[in-house]
2 protein chains.
Amino acid sequence: MFIEQLSESTEMYLKAIVEMSDRDMVAVSRLAERVNVTPVSANEMVHRLGEQGLVEHTPYKGVALTEKGREVACNVLRRQRLWEVFLYEHLKIEWAQIYELACSLEHATAPEVTEALATFLGDPRTCPRGNPIPAADGSFTPLDGLPLSEISVGKTVRVVAVNATETDVLRYLQEREILPGQEITVLEAAPLHGPLMLRMPGGKEVALGMSLAEFVFVK
Amino acid sequence: MFIEQLSESTEMYLKAIVEMSDRDMVAVSRLAERVNVTPVSANEMVHRLGEQGLVEHTPYKGVALTEKGREVACNVLRRQRLWEVFLYEHLKIEWAQIYELACSLEHATAPEVTEALATFLGDPRTCPRGNPIPAADGSFTPLDGLPLSEISVGKTVRVVAVNATETDVLRYLQEREILPGQEITVLEAAPLHGPLMLRMPGGKEVALGMSLAEFVFVK
DNA sequence: CGGAATAATAAGGGTAACCATAAGATTTTT
DNA sequence: AAAAATCTTATGGTTACCCTTATTATTCCG
Ligand SMILES: [Mn+2]
Ligand SMILES: [Mn+2]
Ligand SMILES: [Mn+2]
Ligand SMILES: [Mn+2]
């Protein structure tokens, strides 16, 4: 089966869907938020993706990837995360920037380059943000962890991944040392979805807003 | 001065112009051939480039890059050739394929990545196809050599660069060991722009068509 | 059950790059 | 100086993505 060259836009939609679908279908309006377009535009695109056999849209229910779509999406994820490893480990680029930079490269990367890069990097299993790198065949163990926003007060957890994508957000977290591998104790959770109070390894206390805490996966 | 994000198409046109302009202006129809569009389409694009201050078009004479255009074009060339070095030296990708693969990556490469890559590679001066890599400031010593097609019979020369871009053409030359560094003797030139007869280092004799010989720069 | 919220569609536009065909305008060649 | 070749411009299309502003359909919830 031929894998035609898909547009950057198409790849970004598919990546968004695979990242958002834990178990159930993805609402088109959520997808729209994620890829930063209006719901109407996302709806149009979902139709186009459907025509290409990449997604299945059930009106009023949501979108799901087809097998073909999942394959493509995982491959985009693979390219993205391999580049993140290269940019961070070899080019020594600032941790907060690697997602954004890799997100451009991922669409310009031929299969030959992807596989040669994987070999060059020693077939890494996770990217510097802690996310698993899908294998060449698309197989992929999803992240085993919970968002920090769902951890109860008093618990001590270890960060496994930081799933933010915006450089500003990543830089904010980096400055507070909320990074994969760090051990964090949840001291307090303010009411009404207010900020969490966290104790970091050095003993420093840090306040973290709930929407940011949703990006931080811990175990 | 801000360098807005230019489209892939724009970058390819600028790169084509800088590569084709030795001394005089570039005819729009030549440009059209190079970027594989119709002359009308190239004309439209030249207008757009003119409005953006990247080229100067003199009707019936040709196009020339402005200073701004030359800067952008050299930067594209820098990105392209740095990626070629990486793909060849580090990822061990087949020589004939690196141009095509680098030609995708070049448009997805932010300045931070370009410079970090240059440092990682040890600031190489030439790419595996023998072309000089422009410096970060755009400075750039043009290739010192002549096309093999202009060498007279009996002369022995050394290949400095192979300027073909199509993978098929590069593979054809690679198979005949017409590669940078090789020493070649022109044994015979058939009349009517017919093929050249060449003696290669091993003593093997190779026939090479004139249009292919135009890609091979020697000294 | 019925209204509110949410989702989908319809309709009308916009831009960037491409295409083709058909005139003009200019240069080159005879 | 014509004629031929080349270059430019004028028109009119196409596709992929995006937008806004209705309108309609469905689901959710009190
Ligand atoms: Mn639908
Ligand atoms: Mn991307
Ligand atoms: Mn013009
Ligand atoms: Mn290119």
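Order of the sequence lines sets the chain letters (A, B, ...), proteins ahead of strands, with each chain counted from 1.
Across the protein-nucleic acid pair, B:L31 atom CG and C:dA17 atom P stand 14 Å apart, rounded to whole Å. Rounded to whole angstrom, the span from the CG atom of B:L6 across to the P atom of C:dT15 amounts to 19 Å. Counting to the nearest Å, the P atom of D:dA16 and the CD atom of A:Q5 are 14 Å from each other. The distance between atom CG of B:N36 and atom C1' of C:dC19, rounded to the nearest whole Å, is 13 Å. Counting to the nearest Å, the C1' atom of D:dC17 and the CG atom of A:L14 are 15 Å from each other. Atom-to-atom, CG of A:L49 to C1' of C:dA8 comes out at 16 Å; the value is rounded to the nearest Å.
The shortest distance between the side-chain N/O atoms of A:N43 and the OP1/OP2 oxygens of C:dT9 is below 4.0 Å. Put simply, A:H47 has no side-chain N or O that comes within less than 4.0 Å of OP1 or OP2 on C:dA8. Here A:H57 does not reach the OP1 or OP2 of C:dA7: none of its side-chain N or O atoms lies under 4.0 Å away. The side chain of B:S29 places an N or O atom within less than 4.0 Å of a non-bridging phosphate oxygen (OP1 or OP2) of D:dC7. A close approach under 4.0 Å does occur between a side-chain nitrogen or oxygen of A:Y13 and OP1 or OP2 of D:dC18. Contact annotation: A:S41 does not reach the phosphate of D:dA16 (side-chain N/O to OP1 or OP2, under 4.0 Å).
Using a 4.0 Å heavy-atom criterion, one finds that A:S9 contacts the sugar-phosphate atoms exclusively. Among the atoms of the strands shown, base atoms are found under 4.0 Å from some heavy atom of A:T38.
Under a 3.5 Å cut-off, the side chain of A:S139 and the backbone N or O of A:A135 do not form any donor-acceptor pair. For A:R78 (side chain) and A:P134 (main-chain N/O), a donor-acceptor pair under 3.5 Å exists by modelled atom type.
Distance from the side chain of A:K61 is smallest for D:dT27 among the nucleotides D:dT27, C:dC19, D:dC19. Nearest to the side-chain atoms of B:R30 among the listed nucleotides D:dC7, C:dA8, C:dA7 stands D:dC7. Listed nucleotides D:dC7, D:dT26, C:dA17 differ in distance to B:R48; the shortest reach to its side chain belongs to C:dA17.
Taking the six-membered ring for Trp and thresholds of 30 and 60 degrees, A:W83 and B:F86 have ring planes inclined between 30 and 60 degrees apart.
In this model, a donor atom of one side chain and an acceptor atom of the other lie less than 3.5 Å apart for A:T167 and A:E100.
Applying the 3.5 Å distance criterion, the base of D:dC19 shares a donor-acceptor pair with the side chain of A:E44.
No more than 12 heavy atoms of other residues, nucleotides or ligands lie within 6.0 Å of CD in B:E166, so this atom counts as exposed by the packing criterion.
Comparing B:V40 and B:M45 by the nucleotide of DNA chain C whose heavy atom lies nearest to each, the residue mapping closer to the 5' end is B:M45.
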